[in-house]
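On a predicted model such as this, the values are computed, not experimentally measured, just so you know. So that the names make sense, note that chain A is the first sequence line, chain B the second, and so on, each numbered from 1.
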Amino acid sequence: MKMIEHGNCHREVQLGAGSVHVFANDEVFATFGQRVFEMAEHNLRIPRNVYFSYTPDAHVGVGTCIGTTAVWNMRDGFVSPSIVGSDIGCGMRVHLTPLHRDELKDKQLKRELIQAIETYVPTTERGQTSYTDIPLEEVVKYGLNGLPAAYLAEPADEPGGVSRSLTHVEKHTFAFDHTALAHIPAKSWQRAWGQLGTLGGGNHFIEIQSLEIADDNREIAQEWGLFDGQVVIMIHSGSRAWGAMLGRDYTKSFKEAMFKWGIENPEPSLVYAPIDTEEGQRYLNLMYSALNYAVVNRHLIGYAVERAFQDVLGKAVSTPVLYDLMHNYALEEYHRNTPMLVHRKGATKALPAGHFQNPKAYKKTGHPALIPGSMGTSSYIMVGAAGGAKNFYSICHGAGRIRSRKATKEAVTINEFEQALRIGQEDEILVNHRSLEAILDECPQAYKDVDQIIDSVVGAKLATVVAKCKPLIAIKGV
DNA sequence: ATGTCC
């Protein structure tokens, strides 16, 4: 394998059709299997690629690895539903609480919190929305701005300003050509309506965590309203069946179009089309609808968790949002003075201080980049560094799987899972599931060591740590 | 990821 070393934690691996930039320390790089590079090689056969990279959490996915950043010029580029991935708009959200972890020591209190959260956020039923008053059409068209005003009642940062719910998010509305919505069957509308504000399964979660501020970033932490021992709410969810349906349908229609155009690729699940085609445009427009859905879905989960906190701890508890951002999408961004389509599949944008693309609230510091660990290990709140420019400001999206779901179920016992959650010990992580059997494939042993992943991102000067988030409670769907 | 093959 031909390789150029670009300095700490950054290698450029040269393959037949182009190069993949890999951001990983030596230890993580050694875990990258041959199939990951084969996938890069196949993805790089998509014409006129401008940039292709892996973050340290990269692992094999359908058509394209999770942990990919792939860039084309808007003018002559390609869009790929496979590089966006199936959970369009999947992402992270953190809400702050005024509580210190010492106020959540009581196990009974934590159990009450779990129960209260589960009354508002269905984790076992598939489509049991508690928001029957919310019109889905407004949500997919206008995102957070499509919600009834009562759901955006969170106070503004400045007197007379707009709700933090609209200012402390990556984007409150993704605008697009709504005529594309006419292609969506009634059944899909109905299913997605029934899922608004629900968590979903797999790696999705609600966690209650406590913060450890990083010494080097105390000023930014203070600016963001973070303090040592602070209890925060971290949410990981996506666009549910709405995005899954679009991913499935467009993979099929792109495949037919590729056949028609005579485009071939050795990767059977990798589909793509020029941006400037009817197929490309229709997919992009509907992808925006899924981004709108996903942002609203996480917002409603956050809204519900606040109600649960108030039920258990009193009405005075308020939980303002810190930030909401995604790690699965393709969006137009300006890089090198050129409009480009940046695909991120399991990759998180992390802009540094002063970058023009930051939301107003975070222009000065850079925006928070929210990185989940696995159940039982820490998550991280990071901030982009100037060195991130070389990777189009992409960092990791989590620990990254090291074992498939099937392999995990075969390799790890319930007892080992319990040990990883420190069940029965002082710092035990409380889980909503009575039996861990149903979520065994989500055990910490299924994931890479998140600290090695973070070390790689910091080592490559892509971002720095603002706070480490230690889990107190983990709520998972099935 | 997804009422995971109506």
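DNA chain B lies under 4.0 Å from at least one heavy atom of each of the following residues of residues 236-246 of chain A: A:R240, A:A241, A:A244.
Counting non-hydrogen atoms under 4.0 angstrom, A:G200 reaches the backbone sugars and phosphates but no base.
When the P atom of B:dT2 is taken as reference, atom CG of A:L199 falls 8 Å away, rounded to whole Å. Distance NE2 (A:H204) to P (B:dT4): 17 Å, rounded to an integer number of Å. At whole-Å resolution of the value, CD in A:Q190 and P in B:dC6 are 16 Å apart. Note: CG (A:L196) to C1' (B:dT2) measures 16 Å, nearest angstrom.
In this view, A:D87 satisfies the salt bridge (Lys or Arg N to Asp or Glu O under 4.0 Å) rule with no residue, not counting sequence neighbours. A:R307 meets the salt bridge (Lys or Arg N to Asp or Glu O under 4.0 Å) test with no other residue; sequence neighbours excluded. For the salt bridge (Lys or Arg N to Asp or Glu O under 4.0 Å) test, no residue two or more places apart in sequence or in another chain qualifies with A:E207. With sequence neighbours excluded, the residues satisfying salt bridge (Lys or Arg N to Asp or Glu O under 4.0 Å) with A:K406 are A:E410.
Side-chain atoms of A:N358 come within 3.5 Å of backbone N or O of A:H355 as a donor-acceptor pair.
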Atom pairs and distances, side-chain donor-acceptor, residues 462-477 of chain A, under 3.5 Å, sequence neighbours left out:
from: A:T464; atom 1: OG1; to: A:N217; atom 2: ND2; distance (Å): 2.9
from: A:K476; atom 1: NZ; to: A:G202; atom 2: O; distance (Å): 3.2
from: A:K476; atom 1: NZ; to: A:E442; atom 2: OE1; distance (Å): 3.0

